[in-house]
Amino acid sequence: MFRAEIYRVFSRKAGLAAMLAGLFFILYYTMGNTVWGEGLVDEGRIYYGKEAIRRDKEIAAEFSGPLTEDVVRAIWEKYGPPVNYANRSTTKEGLEAAAATGGNDNYCNRAMTSLFGEEIVGEDGEVTYALAEGWTESRYLQGGYTFGYTGSSRWFWDRFMMAYQLAYITIIVFLCPMFSEDYAFRATDIILPAAKGRFRLWRLRLAVGCFLASAYYWLACGSIFLLYIAYYGTEGLLVSCGLAGVPMFFPEDDISMGKGLLMLYLCGWAAAVVLAALVCAVSAASRQSFSSLVRSLALYIGPFAFMRLVLDSLPRGRVNSLLHMICYSMPLSFCGSYVEVSHGERWLMAAVALAAAVSGAAVSARRYCHHQVGR
C-alpha cells in the first residue's frame, strides 16, 4: 500500500513536472552562483572558475585560523583594497577591466572590506576602500571567530532560501490532491464505507505525504550543500557563521559554519513535515484539487503576508510580538527565523510549529474519515 500511494503521487504529471522543474532550476541557479560565478584578480592576472577557487584557497590558507588584528593588517598590507568590489562583475570583460588597474581582488581582501572597510569617494568620483575608523573595536576581533576560505558561502543563505521556498511550493503542488482527488473522482464512495479502511488509509497517506515532503526537501536543498562541498571542499565548514554569512543568533554566530548549516537544514526539514501535514488538512477539506492548491498556497503565504501588511503597521506590544512569533513559526519563515532568535523564543516557535502539525493531522483525519458518502 505504501508503494502504491507513492506511485499514485508520481503518476500525476503536474506534480512530477513540478518536482523536476524545481530541481533543475535549483541546480542551475546554484551552479551560476558558484563555480560559474567565481573570478579573481591577482597582480593583474585573471583567474576564472575552478582556477579562481584553487588560487583563492592558496591565498586564504596563509591567513586561516583565529581572526585577529594582525590577520586583518597582514591581508590589507599584502593585497590592499579589492579592485572589483563595487558592482562586482566576474564576466570576462569585468575581470579584464578590474585587472587593468594592476591591483588585487580575492576572497580575503573582499572579506576584510565587507567586515571592516569603508567606501571612499575621491574628488574625481573614483571609489576606493580603506579600513574604517575604529575597525579594531569590531566584535569579530574580540576572540572566538575563525577565519578561512568559504568560497561563495557568504551567499549560501540566499541560495538555500531560494531552494527551500521552491521546494516547499513544489511539495504543495504534488501533495494538494492527496485527499481532494478522491472527492473529485468520487472514489470516496468506494473507499470510505468501511470504518477501518478510513483511518488506515488516512494514516497511510499522511505518512506518505510526510515521507515524500522530507525526501524532496533533502534532494532539493541537499544538492546545494553537495555542490558546495564538491567545488569548495570541507575546510570552510570550520569558519565561524558570522564570517561565512550563515544567519545565526548574535551571541552564537561564532560557532562553525558546519554546525550552523546542520541546525538550518534540520529546521528546514521540520518545516517541510509541518507543511505536509497542513497541506493534507487542506486537501481533506477540499472537494477539488485546484481549490486545494489555491487554499494551500494561501495558507503557506498568508501568515507572512499578514505579518508584513498588518502586524508591522501596528504598535509593537506583547500581543503583537506574540503574533509575530506565531507567524514566524509557520513553514515559510520557520528555519531562517529559528536560528536567529534566543533559546526561549526557539522553544516557543517549536511549540507553535508542533501544534500546527498536530492540528493539521487532526483536521485531515476528521474531515476525511468523517466524510459522508454520497455528499
Side-chain angles (χ1 to χ4, degrees), residues 20 22-42 45-65 75 79 82 84-85 88-96 98-99 104-115 146-167 216-248 255-266 268 335:
L20 296 176
L23 186 60
F24 173 79
F25 182 81
I26 290 170
L27 293 176
Y28 181 81
Y29 178 83
T30 302
M31 289 292 290
N33 285 273
T34 51
V35 64
W36 295 346
E38 289 289 349
L40 177 147
V41 178
D42 188 22
R45 183 178 178 183
I46 295 174
Y47 295 83
Y48 186 77
K50 291 182 179 180
E51 286 298 310
I53 295 174
R54 180 189 60 79
R55 181 56 182 153
D56 256 334
K57 282 186 175 182
E58 293 175 355
I59 293 173
E62 179 183 351
F63 308 103
S64 296
I75 293 174
Y79 296 104
N84 190 22
Y85 189 77
R88 177 172 168 76
S89 173
T90 55
T91 63
K92 182 179 180 180
E93 295 77 11
L95 290 172
E96 288 177 349
N104 297 286
D105 187 89
N106 54 56
Y107 170 83
C108 290
N109 65 353
R110 288 197 305 272
M112 296 304 103
T113 302
S114 174
L115 295 170
T146 301
F147 179 72
Y149 179 70
T150 58
S152 293
S153 74
R154 294 190 66 81
W155 293 270
F156 196 101
W157 166 243
D158 294 333
R159 296 196 300 277
F160 176 78
M161 181 172 62
M162 179 277 301
Y164 89 75
Q165 296 290 4
L166 195 57
Y216 189 77
Y217 165 79
W218 284 110
L219 178 63
C221 296
S223 63
I224 293 178
F225 180 76
L226 293 178
L227 283 172
Y228 174 81
I229 295 299
Y231 286 112
Y232 297 112
T234 59
E235 298 89 346
L237 299 180
L238 300 176
V239 178
S240 298
C241 287
L243 303 180
V246 177
M248 189 59 58
I255 67 171
S256 68
M257 177 179 166
K259 292 181 180 178
L261 290 183
L262 177 61
M263 184 183 299
L264 195 66
Y265 271 80
L266 290 177
C335 64

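By convention here, the first residue in the shown sequence is residue 1.
The nearest pair of heavy atoms linking Ala98 to Asn84 is CB-CB, 3.8 Å. The two residues Val246 and Met257 come nearest to each other via the heavy atoms CG2-CG, 4.0 Å. The two residues Gly268 and Cys335 have their closest heavy-atom pair at N-CB, 3.5 Å. In terms of heavy atoms, Val239 sits closest to Phe147 at CG2-C, 4.1 Å. Here the closest non-hydrogen pair linking Tyr79 and Asn104 is O-ND2, 3.3 Å. For the pair Ser223 and Ile26, the tightest heavy-atom approach, listed with the atom from each and the gap, is OG-CG2, 4.0 Å.
Here the CZ atom belonging to Arg55 is positioned 8.5 Å from the CZ atom belonging to Arg45, to the nearest 0.5 angstrom. Considering CD of Gln165 and SG of Cys221, their distance stands at 9.5 Å, rounded to 0.5 Å. The structure places CD of Glu51 at 10.5 Å from CG of Leu40, a figure rounded to the nearest 0.5 Å. Atom-to-atom distance recorded for Glu38:CD and Arg54:CZ is 13.5 Å, nearest 0.5 angstrom. The distance from atom CZ of Phe25 to atom CG of Leu166, rounded to the nearest 0.5 Å, is 7.0 Å. Taken from CG in Asn106 to CD in Glu58, the straight-line distance is 11.5 Å, to the nearest 0.5 Å.
Relative ring orientation between Trp218 and Tyr265 is described as parallel, the plane-to-plane angle staying below 30° on a 0-90° scale split at 30° and 60°. Ring-plane geometry between Tyr232 and Tyr228 is classed as tilted, the angle between the planes lying from 30 to 60 degrees on a 0 to 90 degree scale.
Leu237 has its side chain within reach of Leu261: a pair of non-hydrogen atoms, C-beta onward, lies under 4.5 Å apart. Side-chain atoms of Leu27 and Leu227, non-hydrogen and from C-beta on, do get closer than 4.5 Å to each other. The shortest side-chain heavy-atom distance between Leu243 and Thr146 does not fall under the 4.5 Å cut-off. Proximity of Tyr47 to Asp42: side-chain heavy atoms (C-beta onward) are separated by under 4.5 Å at one or more points. Considering only heavy atoms from C-beta on, Ile53 comes within 4.5 Å of Tyr149 through its side chain.
A 6.0 Å sphere centred on NZ of Lys259 holds no more than 12 heavy atoms belonging to other residues, nucleotides or ligands.
Of the possible polar contacts, none joining the Ser114 side chain to the Arg110 backbone as a donor-acceptor pair under 3.5 Å is found.
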